[in-house]
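Each remark here refers to the structure printed beneath this line.
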Amino acid sequence: MICSHFLRDLTIFFETGDVRLYPVSVKAPNGEKLELQLNPGDSVMDLRQFLLDAPETCYFTCYELMLHTKDGSVHQLADYNEISEVADITTGGCSLEMIPAMYDDRSIRAHVHRARELFSLSAVHASLSTSLALQHDTSRNTSTEAVKAEVPELEGLGFMEDTTGLLSELVSSSSKDIKCVESLVFSSFNPPPSYRRLVGDLIYFDVTTLEGHKFCITGTTTKFYVNSSTGNTLDPKPAKSPFEAPTLIGLLQKISSKFKKAFREILELKASAHPFETVQSLLVPNSWLGAYPVCDHKRDAARAEDALTLSYGSELIGMQRDWNEELQSCREFPHTSHQERILRDRALYKVTSDFVNAAINGAVGVINRCIPPINPTDPECFHMYVHNNIFFSFAIDADLGQLSKNQSTFELKITKSSFEKVSSNLSQASSAVVNVEKPNDSTTDELNGVTDVAPDSHAELQLADNEQATYASANNDLKGTKAYQEADVQGLYNLAMAIIDYRGHRVVAQSIIPGILQGDKSDSLLYGSVDNGKKICWNEAFHSKVLEAAKHLHLKEHTVLDGSGNIVKLAAPVECKGIVGSDDRHYLLDLMRATPRDANYTGPQSRFCVLRPELVAAFCEAEATERSKGKSELQKTPAVADSSSHISCDSEVSVEATAVASNSLDTTESDNIKATQDCDSSPTENGGALSDEILLNPNVLTEFNLAGSQAEVAADEECVRKAGTYLKDVVLPKFVQDLCTLEVSPMDGQTLIEALHAHGINVRYLGKAADMTKHLPHIWDLCAVEIVVRSAKHILKDVLRDSQDHDLGPAVSHFFNCFFGHIQPLGSKGATNSTLSKSQKKDHAAQQLSTKSSKTQTRWKSGASGKVTPPSYTHITSDSLWSNIDEFAKLKYEFVSAEDVRVRVKKISVIRNLCNKVGITIVARKYDLDAAAPFQTSDILNLQPVVKHSIPVCSEARDLVETGKVRLAEGMLNEAYTLFSEAFSILQQVTGPMHREVANCCRYLAMVLYHAGDMAGAIMQQHKELIINERCLGLDHPDTAHSYGNMALFYHGLNQTELALRHMSRTLLLLSLSCGSDHPDVAATFINVAMMYQDIGKMNIALRYLQEALKKNERLLGEEHIQTAVCYHALAIAFNCMGAFKLSLQHEKKTYDILVKQLGEEDSRTRDSQNWIKTFKMRDVQASAQKQKGQALNAASTQKALEILKAHPELVQAMQAVSGGGGSGNAGASANQSMGSTMLGENLQRGRGVDERGARARAGATKKAAAKGIVARQQVIPPHLLDVLNSGTSPEAQSNAQSVAPKKDTNSVANEQGDGKENGSVMDQDKAPAGLGAGLGALNPKKQKVKPKAV
């Protein structure tokens, strides 16, 4: 029975991807038989994983697989083969047999490890949604009461104001483990004596069963058996009652009946779980909350054995993995056919994921001082490490150095010296390959030979030139590595790379170039420079590969001068390094400036302020479009057109650029160098193809000397400056406009940064974004808090670096109290002493550095000193901390904190943000953030590493998803479903199910099924997305909140309102943790909750939620914003359902006034609102006439409405506001005007009742339905405040039951709205009043167009 349940779920797991499966029977070693559904493309490793997941075979680990075919032949399956390479299973009649194999030291330990895994339920990650559905099914089966009577009211509107009290609800209590044995540990008889090794003994175990019996078990090469050992003497003979089995679990089942029963329960529980809840996730997100009260720490010998091995990611037995060879070999896989690309992508993803996990473990070992350095004589913070074939080095926080450089000029020298040393260490190829020693006093002379920049502080210049070891340059290097990996140029290789932040330190982990540490090839540097341009190497073969990659990255081939005046042709930044390893592969590294410099930040301290790749791509596309418009004019001036062949990025992209291009014509031919000639002739050889490309010079606006003519250099600079201007004057304002229109609606700091990056905006522009969004309180608050948290993060990391191991918990709690509470100075001169202590600490560090020591070294060895000094963190006070935060924010983000910013951070969403950024875990208890010291040391549970990596994505699946979005936008459901299913199939083969992109596919599949009217299928796909988001993004990620919201709306579509409201309750909880209560998405959720209550007749609750949504929208968006009109219309419909037509009329008039002002009287939505006004007037007149005749209609409903108003005075305020008329909204008219074509691009008929809801769903996928949301990539969904405004059904239909359309969102940054749009047939079915339009949300077909991506 377990097997059939498992296989059914497994079939569901795969059927969405349209993978053709064939049945193959399997015979287990214990004689049991089962059937698997296999694809010929499955590898034998996949087959082994299937068998590990099947309950009947989950505890078999050491066996050979024999394939019996229909013709009677037998084939042995090797692990790395595909099934199709051995035999054809499509003909049928194939079977598999598991033949037990011999154990060895490695495999028997793996077998025991697997057995321990099976004893635990920790691998089952049960989703709350799964539990809610099971509870609902159970209650429905045991109760016959109507659903309406069962629906409870949510916690209430005020619950979001006290989110700290709800933290414990987020941390689900882990299911209790079912105990199988009392203990199972390696025996102290290990290792086996030599004479026992000669007869096959491999390992001994001590087992205590639940019955209390103790056994000593021998593990041999063929079996496990109970020996006769007692006491302290080994007796290897089998026990009197012989028990033996080929597996450990099989033996335990024989010697303990309670074990057999408990293990059966575990298997049944795992089999009943959703398949996605048991699949392993490669990279588990950090959790910032821990259970409260803290669970008791109990004895576990097995856990202790695993922890004390201290492997830090390396293999305990066997050879260490050669990460670089594995990665580069995978990149060399053939990838011409579809299946070859899948295999290559899967291999790359698996190797890179394993590398990241090993890098995390190794970095933790490095920071915990468990791994020795390879240069122990250098200062501690400059140490380099090699562990598990991974190279580790430290990066230094230069931003904090810039913050405090004005306090002490001596500290600047420290930073300069530090950067020089770490710079040479971080670039492992620089010193090891070329044997270049870089003393601390040599960089100045090197710079003088190649630098030609504006006069500035000499110390600042040294600081800028050694930023290669800073946090920012490490980030840039990772981004550059990703860019070149995505370019995927054959023969050009990059290193595997990860950045790990832990305990205040930043560690850069890289794979090792073959031969680099041995220094066996002194001529390995072929391309680029290791001495800041003093000597630049060049190689024709290497350059051709770099040039091919440069075309993908929009980089220009250009010439530069080295320190000796030699001209060198490059297509990459000067400081990049092209190295040939001992494996004869060409490696390109140190890609801190893979994109051009940001012209808006040109100071020496901003050398590595570069443009984002997204911005470069968008700028080149925009300039190419501008060029195509002016192409006809350019053709009229042949001389100017010819000059474009010599200039690749400054050609006439606008009318103003014409003069620059023509001036450069006379001088570009003066250079007769071979490199320049090659560069100039290449466009001609390609038929002028490159002349139409927009390419940027990565080395302009730097200290390096360019070798081109003055006009060409000026044109290159102008082109890069244009890109900076484009970012500042076009992209940033467009981003702010999208925020105003809710086309982009970030929920928390993470989604805000992702939205910025998706638009090509760097984080350093946060301050400018905040200044431009002061009219949007929720966005300004989000930007301001993000700036403050990022500033506090740098200071907290500095505190952690300066704290000893036993002070980490107290240091974090003290910092949190200073940040969220109010900590006074220790004495009357506390504030002054705090600053002095900081300066004294830096001076002390300088002295240590000057004597070949380090601050870290001094801290770690301070225990030997007889002096007892208080920890440095104790000098921090609230005032001094906030002073440093304000200074940091002003310096890095050009942001001046508001006076009330210290009050704004007193919320749980800010605690969550800071914890996630630093990797802190706190207990999930209620915190009094108004107290002076809300945190205690016991509240800090853990410090976890935070990682950034370059794990590749599957480009083929990504392209399929993008095409599917377009098809869905066009209403082509069958094609969209096919594309999304194919993408799902590819992704699950490449990444497995636990990946963010797989969640996206599930969401889009759910949307397609929803529009097709298959609610059950939509729920199944949405459930998958929810589980993946919970496990891959986190329990409280905004995408997880949206997943719960969509599940609620789908359940409501099936009339399961109780289950829907329970999911909505979870949605509100998650939203309160991520963004707080003041956000338009919260108002949108309130409206959806109100619609659900309205459908089941609980109008009093519905009105309260609608009123709260109205207040939020008026406060956040303005009284004249279109979303405010949505709320007024929703209230009008609600009062209409109650028969209070006068109130409906008042609210609809307010809706009409807002729409007239924002959209004009001729807009279809405005006319629809006018028709609703006429309808409400008519109904009011009819009701009055009937009342005069003594036929009072809906008197009870009207009386009920009056009672509700008396019970809830806040609703009366809305009536007064409506009667008062007109409000002064603070949302800009121009921004709201754009809502006409973007926000209201979808309408959804409010069909009432089950039949009309189904008709609406089936007709909900016409071309204009999902056009806006689906096509707009990297944008945030407008909240579902439009649901009621877009209603076009009759008031009679509105009075029955209202259905809500689901909200779609892409990965945190990108949200799309999935409301369906009705066609004419549905409108004909609805008995709308005469003259009533197609609904307030119906767009004029001439006006509705797909908006292009903002950048």
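As the structure is a computational prediction, the values presented were derived from the model and not from experiment.
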Is it the case that more than 12 heavy atoms not belonging to Gln280 sit under 6.0 Å from its CD atom? no
From Phe984 atom CZ to Cys1002 atom SG, the distance as rounded to the nearest 0.5 Å: 4.5 Å
Does a side-chain heavy-atom distance below 4.5 Å link Phe205 with Val112? yes
CD1 of Ile374 to CG of Leu517: how many Å apart, nearest 0.5 Å? 6.0 Å
Can you find a heavy atom in the side chain of Phe119 that is under 4.5 Å from one in the side chain of Ile178? no
Can a donor-acceptor pair be found between the side chains of His1023 and Thr130 at a distance below 3.5 Å? yes
Does a side-chain heavy-atom distance below 4.5 Å link Ile986 with His338? yes
Could you check Asn227 against Tyr204 for side chain to side chain donor-acceptor pair (under 3.5 Å), going step by step and ending with a plain yes or no? CA-CA 9 Å; Asn227 61 44; Tyr204 302 120; over 6 Å; no
Atom CD in Glu35, atom CG in Leu96: separation rounded to 0.5 Å? 11.0 Å
Between Thr209 and Glu211, do the side chains contain an N or O donor and an N or O acceptor separated by less than 3.5 Å? yes
When you check the gap from the basic side-chain N to the acidic O, do Arg264 and Glu268 get nearer than 4.0 Å? yes
Are Thr218 and Pro238 side-chain neighbours, meaning at least one heavy-atom pair lies under 4.5 Å? no
Would you mind checking if Glu326 and Arg321 are paired as a salt bridge, meaning a charged N to carboxylate O distance below 4.0 Å? yes
Between Asp88 and Lys70, does at least one N-O distance fall below 4.0 Å, as a salt bridge requires? no
Cation over ring face, Arg116 and Phe186, 6.0 Å, 45°: yes
Hey, would you say the His995 and Tyr349 ring centroids sit under 6.0 Å apart? yes
Taking only Lys NZ, Arg NE, NH1 and NH2, and the carboxylate oxygens of Asp or Glu, determine whether Asp105 and Arg197 approach each other closer than 4.0 Å. yes
Where does the angle between the aromatic ring planes of His387 and Phe392 fall among parallel (under 30°), tilted (30 to 60°) and perpendicular (over 60°)? tilted
Aromatic Tyr63 / basic Arg48 pairing, under 6.0 angstrom, 45° off normal: yes
Any heavy-atom pair between the side chains of Leu77 and Leu67 that's under 4.5 Å? yes
Is it the case that the side chains of Ser107 and Asp104 hold a donor-acceptor pair, with the cut-off being a distance below 3.5 Å and no angle test? yes
Is any side-chain heavy atom of Tyr587 closer than 4.5 Å to a side-chain heavy atom of Asn324? yes
Using 30° and 60° as the class boundaries, would you call the ring planes of Phe276 and His274 parallel, tilted or perpendicular? perpendicular
Applying salt bridge (charged side-chain N to carboxylate O under 4.0 Å, His left out) to Glu956 and not counting sequence neighbours gives Arg341
Less than 6.0 Å separating the ring centroids of Phe224 and Tyr103? yes
Donor-acceptor side-chain pairing of Ser127 and Glu1030 below 3.5 angstrom: yes
His68 and Ser95: CA distance, side-chain angles, deciding distance, side chain to side chain donor-acceptor pair (under 3.5 Å) verdict: CA-CA 5 Å; His68 300 264; Ser95 63; 5.2 Å; no
Within a strict 4.5 Å, meaning less than it, do heavy atoms of the Tyr59 and Arg114 side chains meet? no
Give the intermediate values and the outcome of salt bridge (Lys or Arg N to Asp or Glu O under 4.0 Å) for residues Arg346 and Asp46. CA-CA 12 Å; Arg346 175 167 60 183; Asp46 293 332; 3.0 Å; yes
Please check if the side chain of Glu340 supplies one atom and the backbone of Ser337 the other of a donor-acceptor pair under 3.5 Å. yes
Student check: side-chain heavy atoms of Val26 and Phe50 closer than 4.5 Å: no
Pairwise distance CD1(Ile249) to NZ(Lys260) - rounded to 0.5 angstrom: 13.5 Å
Both conditions, 6.0 Å and 45 degrees, for the charged tip of Arg585 above the ring of Tyr493: are they met here? yes
